[in-house]
Amino acid sequence: MRFFFYLLGFGMSVIGGTTMIAYLNIMASRSDWKEYLLFISTKVECYFLPIGLFITWLSIFFPFHDDG
């Protein structure tokens, strides 16, 4: 089950990160970072990066106790 959530989080991170990098092409036509950040904040697929990183982090470090 842990491995499934790790792959799910990793896949979501890749999708979100790739989309955010693809949207960097907008920077060529627009001029500043503020407009870019405002633009990607309106895109749902860009939220996959932080959500995926959080799921990956949870799958690695949850539960927090050490069995060994």
Side-chain angles (χ1 to χ4, degrees):
M1 193 65 159
R2 175 180 266 186
F3 188 67
F4 170 75
F5 281 109
Y6 175 78
L7 289 178
L8 178 70
F10 182 76
M12 289 177 70
S13 300
V14 168
I15 290 170
T18 304
T19 305
M20 288 177 74
I21 290 171
Y23 283 139
L24 277 175
N25 290 326
I26 294 172
M27 289 293 295
S29 62
R30 298 183 184 182
S31 60
D32 61 351
W33 287 98
K34 183 180 176 182
E35 290 182 19
Y36 172 72
L37 293 175
L38 287 174
F39 177 75
I40 64 169
S41 68
T42 61
K43 300 297 179 184
V44 175
E45 61 268 18
C46 293
Y47 291 115
F48 285 166
L49 178 62
I51 293 170
L53 288 174
F54 184 69
I55 292 173
T56 303
W57 181 80
L58 279 179
S59 70
I60 292 172
F61 295 111
F62 189 79
F64 297 107
H65 62 83
D66 188 17
D67 292 336

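Considering CG of Leu49 and OG1 of Thr18, their distance stands at 9.0 Å, rounded to 0.5 Å.
The hydrophobic clustering, which links ILVMFWY residues whose side-chain heavy atoms are closer than 4.5 Å, places Leu37 and Leu24 together. Cluster annotation: Ile15 is not connected to Val44 through the hydrophobic network of ILVMFWY side chains, with a link wherever side-chain heavy atoms come within less than 4.5 Å. Residues Phe10 and Leu58 are members of separate hydrophobic clusters, defined by side-chain heavy-atom contacts under 4.5 angstrom among Ile, Leu, Val, Met, Phe, Trp and Tyr. Hydrophobic clustering places Phe62 together with Ile60 (ILVMFWY residues linked when any side-chain heavy atoms are closer than 4.5 Å, directly or through intermediates). Both Met1 and Met12 are members of a single hydrophobic cluster when ILVMFWY side chains are connected at heavy-atom separations under 4.5 Å.
Aromatic ring orientation, Phe54 versus Trp57: parallel (interplanar angle below 30°, classes split at 30° and 60°).
Counting only heavy atoms from C-beta outward, the side chains of Thr19 and Lys43 never approach each other to under 4.5 Å.
Surrounding OH of Tyr6 are at most 12 heavy atoms belonging to other residues, nucleotides or ligands under 6.0 Å away.
Taking all atoms of both residues into account, the shortest heavy-atom contact from Phe39 to Tyr23 is CE2-CD2, 3.6 Å. Contact record, Gly52 with Ser13: C-OG, 3.1 Å, taken as the closest heavy-atom pair.
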(request) Under the side chain to side chain contact (heavy atoms under 4.5 Å, CB included) rule, what do Phe48 and Met20 come out as? Steps first, then yes or no, please. (result) CA-CA 10 Å; Phe48 285 166; Met20 288 177 74; over 6 Å; no
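A distance-only check finds a donor-acceptor pair linking the side chain of Tyr47 to the backbone of Ser41 [under 3.5 Å].
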